[in-house]
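Down below is the structure, laid out as structure tokens.
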Amino acid sequence: PRIGKVSRVTKETSVDVHINLDGTGICSCDTGIPFLDHMLDQLASHGLVDVKVMAKGDVHIDDHHSNEDIGLAVGTALLQALGDRRGIHRFGDFTAPLDEALVSVVLDLSGRPYLGYDLNIPTQRVGTYDTQLVEHFFQSLVNTSGMTLHIRQLAGKNSHHIIEATFKAFARALRQAVEHDVRRRGTIPSSKGVLSRA
């Protein structure tokens, strides 16, 4: 199995992440941020990735530091699990509906970090979660994983629906991208012959 394990400890947070790209969708997450736990469950369930995230942080201040460091650690775990990216599809593209919300995610496991983000989330919070942190989570994940990621909202009025549709679309696009391409026969999906963060 393709597995990534990361421990990230700072003065602000302590984060442990375990990801199995060849999992069955099991999520075991306790981040101290209930809404983020719910979104990571979407990543696991719809991406068929086993995700374990245990985090303790200064959430008594706000969720910013934990949200960021979890995103960084998840991205690093993905980087580890992907290895040299040999034999994968590399690209993923999925549009997910959730009631009135519709969100498109396109990604490339290119080794080049870039986030194109276009969500219009109408409220500042969902529960206690600051909706500005959605972009920050994905930017952190992109930076450490070496992923090109474009997120576009096509419809939506309910903040919870928009964010959840985003995570579901991301999960399905990631699932496409990391799956083995039998026609590629274990070669690296790049005309350069290499896909790396460097």
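What's counted below: heavy atoms across the whole structure, side chains too, no hydrogens, waters or symmetry copies. One is the number of the first residue; the rest follow in order along the sequence.
Looking at every heavy atom in both residues, L48 comes nearest to T24 through CD2-O, 3.6 Å. Across all their heavy atoms, V6 and A73 have their closest contact at CG2-O, 3.8 Å. Shortest non-hydrogen contact noted between S66 and V59 is OG-CG1, 3.7 Å. Looking at every heavy atom in both residues, G92 comes nearest to A177 through N-CB, 3.9 Å. Counting all heavy atoms, side chain and backbone alike, M147 lies closest to L141 at CE-CD2, 3.9 Å. Scanning both residues, G111 and P113, for their nearest heavy atoms gives O-CD, 3.6 Å.
Formation of a donor-acceptor pair under 3.5 Å by the E68 side chain with backbone atoms of F137 is not found in this model. Q42 places no side-chain N or O within 3.5 Å of a backbone atom of F167 that could act as its donor or acceptor partner. One N or O on the side chain of D50 and one on the backbone of I26 form a donor-acceptor pair closer than 3.5 Å. Remark: the backbone N or O of H161 is paired with a side-chain donor or acceptor of N158 at under 3.5 angstrom. Judged purely by atom type and a 3.5 angstrom limit, S145 has no side-chain atom pairing as donor or acceptor with the backbone of L78. Using a distance-only test at 3.5 Å, with no hydrogens or angles considered, a donor-acceptor pair links the side chain of S110 to the main chain of R112. Proximity of a side-chain donor or acceptor of S14 to a complementary backbone N or O of T10 within less than 3.5 Å is not detected. Of the possible donor and acceptor atoms, none in the side chain of R152 sits under 3.5 Å from a partner among the backbone N and O of V106. Formation of a donor-acceptor pair under 3.5 Å by the R85 side chain with backbone atoms of R90 is not found in this model. The backbone N or O of T31 lies less than 3.5 Å from a partner atom in the side chain of D37, making a donor-acceptor pair.
For the atom pair CG (D22) and CD (E179), the distance works out to 9.5 Å, reported to the nearest 0.5 Å. Rounded to the nearest 0.5 angstrom, C29 SG and L40 CG are separated by 4.5 Å. Rounding to the nearest 0.5 angstrom, the gap separating the CG atom in L36 from the CG atom in L133 is 9.0 Å. Rounding to the nearest 0.5 Å places CG of D58 at 4.0 Å from CD1 of I61. The CD1 atom of I3 sits 6.0 Å away from atom NZ of K5, with the distance rounded to the nearest 0.5 Å. To the nearest 0.5 angstrom, Q176 atom CD is 12.0 Å from D181 atom CG.
Transitive grouping of hydrophobic side chains (ILVMFWY, heavy atoms separated by less than 4.5 Å) brings L107 and Y117 into a common cluster. Hydrophobic cluster membership differs between L72 and V134, with clusters built from Ile, Leu, Val, Met, Phe, Trp and Tyr side chains linked at under 4.5 angstrom. Under a hydrophobic-cluster definition in which Ile, Leu, Val, Met, Phe, Trp and Tyr are linked whenever side-chain heavy atoms come within less than 4.5 Å, directly or via other members, I88 and V105 are assigned to the same cluster. Linking Ile, Leu, Val, Met, Phe, Trp and Tyr whenever their side-chain heavy atoms come within less than 4.5 Å leaves M39 and L102 in two separate clusters.
Sorted by first then second residue, the ring-ring contact (aromatic ring centres under 6.0 Å, His included) pairs that include residues 35-77, not counting sequence neighbours, are F35-Y129, F35-H160, H38-H160, H64-H136. Sequence neighbours left out, the pairs with a member in residues 91-115 that pass ring-ring contact (aromatic ring centres under 6.0 Å, His included) are Y114-H150.
No side-chain heavy atom of I151 sits less than 4.5 Å from a side-chain heavy atom of D118. L174 is listed as a side-chain neighbour of L43, based on a closest heavy-atom distance under 4.5 Å. Counting heavy atoms from C-beta outward, L154 and T95 have side chains that approach closer than 4.5 Å. Within the 4.5 Å cutoff, the side chain of Q124 has heavy atoms near those of the D130 side chain.
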**Study point:** Full working for side chain to side chain contact (heavy atoms under 4.5 Å, CB included) between V49 and N20
**Key:** CA-CA 6 Å; V49 176; N20 179 0; 5.8 Å; no

**Study point:** Trace of the side chain to side chain contact (heavy atoms under 4.5 Å, CB included) decision for I162 with L98
**Key:** CA-CA 7 Å; I162 293 164; L98 180 54; over 6 Å; no

Exercise for review: Let me see the working for T131 and V126 under side chain to side chain contact (heavy atoms under 4.5 Å, CB included), right down to the final yes or no.
Suggested key: CA-CA 7 Å; T131 54; V126 174; 3.8 Å; yes

Point to revise | Verdict with supporting geometry, V103 and L119, side chain to side chain contact (heavy atoms under 4.5 Å, CB included) | key: CA-CA 8 Å; V103 177; L119 295 183; 4.2 Å; yes

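Evaluation of the side-chain hydrogen bond (donor to acceptor under 3.5 Å, both in side chains) rule for T123 yields S159 as partners, not counting sequence neighbours. Listed by chain and residue number, D84 satisfy the salt bridge (charged side-chain N to carboxylate O under 4.0 Å, His left out) test with R86 (two or more places apart in sequence, or in another chain). Among residues two or more places apart in sequence or in another chain, the side-chain hydrogen bond (donor to acceptor under 3.5 Å, both in side chains) test is passed with D62 by none. Looking at residues two or more places apart in sequence or on another chain, you find no side-chain hydrogen bond (donor to acceptor under 3.5 Å, both in side chains) involving D99.
Under 3.5 Å, the side chains of D108 and T148 contain no donor-acceptor pair of N or O atoms.
The environment of CD in Q132 is sparse: at most 12 heavy-atom neighbours from other residues, nucleotides or ligands sit within 6.0 Å.
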